[in-house]
Number of protein chains: 2
Amino acid sequence: MTAIKETSTIQENKKIAAELCPVTFTMDKIGGYWKPIIIYHLSTDCKRYSELKKCIPAITEKMLIQSLKQLEADGLILREARPVVPPFVIYRLSPAGVGLFPVIQAMANWALENQ
Amino acid sequence: MTAIKETSTIQENKKIAAELCPVTFTMDKIGGYWKPIIIYHLSTDCKRYSELKKCIPAITEKMLIQSLKQLEADGLILREARPVVPPFVIYRLSPAGVGLFPVIQAMANWALENQ
DNA sequence: GGAAGTACTTACCCTATAGTAAGTGTACTG
DNA sequence: CAGTACACTTACTATAGGGTAAGTACTTCC
């Protein structure tokens with residue numbers, strides 16, 4: 001998952017920027033190609049890992065997991081696993097994740113006007 | 001300015017994603033650390049290059065120019081240069097740039113609620 | 001005449017993000 | 001008993017984005 005080196009200028013800047021600038025803070029959470037797409041697919045209803053994979057065929061397993069872990073760590077989605085075999089894992093949006101809807105909406109609107 | 005290699009999977013994906021997904025399209029335009037900050041500083045009034053530099057002390061000249069060029073290429077800001085010595089260049093938001101305001105607003109709101 | 005201001009440009013390095021590909025363990029199914 | 005499904009994990013590679021540092025051409029000010 002490519003560990004983050006903590007003593008890097010870029011990480012320092014990110015932290016400072018995220019603290020000072022609410023927009024950067026939000027960008028940090030939902031930036032990247034896949035995160036908004038995943039959020040979108042979880043918006044209608046909760047989904048299993050394998051369902052997400054089917055919904056987003058272009059994503060690789062690595063990126064899917066990586067994005068899910070980050071979203072979970074940032075508190076935007078909730079992971080619920082049942083300790084059975086075969087594994088059963090469900091992902092759903094947290095309240096904070098649901099709160100992103102106006103943001104996504106605003107972005108989509110702007111894109112449709114300016115595309 | 002780090003040239004973009006056109007024959008890369010990542011660029012292909014970006015293009016496809018931006019076409020299919022309005023959110024990714026928007027993200028592409030205003031993603032990165034500095035772009036939202038620059039847009040914010042241009043929101044109140046138009047500014048000269050040197051004024052922007054003063055307003056955003058942490059940014060390097062390279063990143064400032066780079067971001068400005070990209071924003072200009074994407075039609076979000078307008079550059080007006082007067083051919084005098086010393087050079088006189090003014091940047092202002094384009095109508096499309098102004099249209100980003102609801103987006104920025106939504107992101108800021110979410111951040112303030114969830115920070 | 002050296003410094004400072006103007007708006008850039010150039011060269012090089014480092015790292016996070018993304019992509020490719022293969023492996024893990026358990027259990028059900030044909 | 002080989003194959004498939006499930007949810008991951010691991011190792012490697014490539015590249016775009018960001019950072020550091022220095023240089024450019026011209027003119028005004030002290």
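Below, each value reflects all heavy atoms present in this structure, side chains not excepted, and no hydrogens, waters or symmetry copies. Naming convention: chains lettered A, B, ... in sequence-line order (proteins, then strands); numbering from 1 in each chain.
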Figure out the [atom1]/[atom2] separation between [X] and [N], and round it to whole Å.
X       : N      : atom1 : atom2 : answer
B/Met27 : C/dA18 : CE    : C1'   : 16 Å
B/Lys53 : C/dT9  : NZ    : P     : 13 Å
B/Lys62 : D/dG23 : NZ    : P     : 18 Å
A/Ile90 : D/dA7  : CD1   : P     : 9 Å
A/Arg79 : D/dA7  : CZ    : P     : 10 Å
B/Phe88 : D/dA25 : CZ    : P     : 24 Å
B/Tyr91 : C/dT6  : OH    : P     : 14 Å
A/Leu52 : D/dA7  : CG    : C1'   : 12 Å

Position toward the 5' end of DNA chain C (nearest nucleotide), A/Pro86 or B/Ala81:
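Final value for this comparison: B/Ala81.
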Taking the nucleotide of DNA chain C with the closest heavy atom to each, which residue, A/Pro87 or A/Met63, is nearer the 5' end?
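Looking at the nearest nucleotide for each, A/Met63 comes out on the 5' side.
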Using only atom types and a distance under 3.5 Å, with no angle test, would you say the side chain of [X] pairs donor to acceptor with the backbone of [Y]?
X        : Y        : result
A/Lys29  : A/Leu71  : no
A/Ser67  : A/Trp34  : no
A/Gln105 : A/Pro102 : no

Base, sugar-phosphate, or nothing for B/Thr60, non-hydrogen atoms under 4.0 angstrom?
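Base contact - B/Thr60 has a heavy atom under 4.0 Å of at least one base atom.
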Give me the atom names and distance for the closest heavy-atom approach of A/Trp110 to B/Gly99.
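Answer, listing the atom of A/Trp110 first, then B/Gly99: CD1-O, 3.3 Å.
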Are OP1 or OP2 of C/dA7 and a side-chain N or O of B/Arg48 less than 4.0 angstrom apart?
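Checking B/Arg48 against C/dA7: at least one side-chain N or O falls below 4.0 Å of OP1 or OP2.
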